[in-house]
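These numbers were taken from a predicted model, which means no experiment stands behind them. To find a chain, count down the sequence lines: A is the first, B the second, and so on, and within it residues start at 1.
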Amino acid sequence: MNSKIRRSMPLFPIGTVMKLTDLSARQIRYYEEHQLIRPERTAGNRRLFSLYDIDRLLEIKDLLDEGINMAGIKKILLKEDESVHNPLKAELEQDKKVSTDEEVRRLLRKEFINAGRFYRNDLPSGDRFRYFH
DNA sequence: TTTCTAACA
DNA sequence: TGTTAGAA
């Protein structure tokens, strides 16, 4: 499980992130203000971004290119954060231990109901099916 | 040189 | 969002 630690390891200065994401420093700082990313700071108060942060910014970039405004992006990414602690997801994790046919079918049905809910939303094409994995 | 914050002809 | 001033 070192990958998780590595992904959140503060590594890059804002200049590098700008090139990687094709976002302006202004935008990157703005998204931080809105809690969409939480880069660390050096002793000299300079931002250090992790691979995770960059991934988030790239998602924001994609949403931006699709013409979604800040309010929409914020809504989508924050909802995505919730899904990490989503009761359904937790239930699916537990189900791997249980694994009776009845349970599998029941959860599968819930998954589809949930997927349908997400699909009608303003999620970007790339994110629409993430919930099926 | 690069990045930070704050502010706006 | 861009841009800029002044500081670190």
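The side chain of Tyr30(A) places no N or O atom within less than 4.0 Å of a non-bridging phosphate oxygen (OP1 or OP2) of dA6(B).
Atom CG of Asp65(A) and atom P of dT1(C) are 11 Å apart (whole Å). Asn45(A) places its CG atom 13 Å from the C1' atom of dA6(B), with the value rounded to the nearest Å. Ile68(A) places its CD1 atom 13 Å from the P atom of dT1(C), with the value rounded to the nearest Å. At whole-Å resolution of the value, CZ in Arg26(A) and P in dT3(C) are 11 Å apart. Straight-line distance from the CD1 atom of Ile14(A) to the C1' atom of dT1(B): 15 Å, rounded to whole Å. Rounded to whole angstrom, the span from the NZ atom of Lys19(A) across to the P atom of dT1(B) amounts to 13 Å. We find that CZ of Arg41(A) is positioned 13 Å from C1' of dA8(C), with the value rounded to whole Å. The distance from atom CG of Asp22(A) to atom P of dG2(C) is 11 Å, rounded to the nearest whole Å.
As judged by a 4.0 angstrom heavy-atom cut-off over every strand, Arg29(A) is placed among the base-contacting residues. Gly15(A) comes within 4.0 angstrom of the backbone, heavy atoms only, and of no base. No contact: Ile28(A) has no heavy atom under 4.0 Å from any strand.
The base of dT3(B) has none of its N or O atoms less than 3.5 Å from a complementary donor or acceptor on the side chain of Arg47(A).
For the pair Lys75(A)/Ile68(A), no side-chain contact is recorded, criterion being any heavy-atom separation below 4.5 Å from C-beta on. A 4.5 Å side-chain heavy-atom check between Tyr31(A) and Met70(A) finds at least one atom pair inside the cut-off. Side-chain contact check for Ile54(A) versus Leu58(A): some heavy-atom pair is nearer than 4.5 Å.
Positionally, the nearest nucleotide of DNA chain C for Gln27(A) lies more toward the 5' end than for the other of Gln27(A) and Arg46(A).
Across all strands shown, dT1(C) has no partner, as no Watson-Crick or G-U wobble contact with both distances under 3.5 Å is found. Pairing for dA7(C) goes to dT3(B), judged as Watson-Crick or G-U wobble with the two contacts each under 3.5 Å.
The only option from Arg29(A), Glu32(A), Arg46(A) that meets the side-chain contact (heavy atoms from CB on, under 4.5 Å) definition with Ile14(A) turns out to be Arg29(A).
Of all heavy-atom pairs spanning Leu23(A) and Leu57(A), the tightest one is CD1-O, 3.8 Å.
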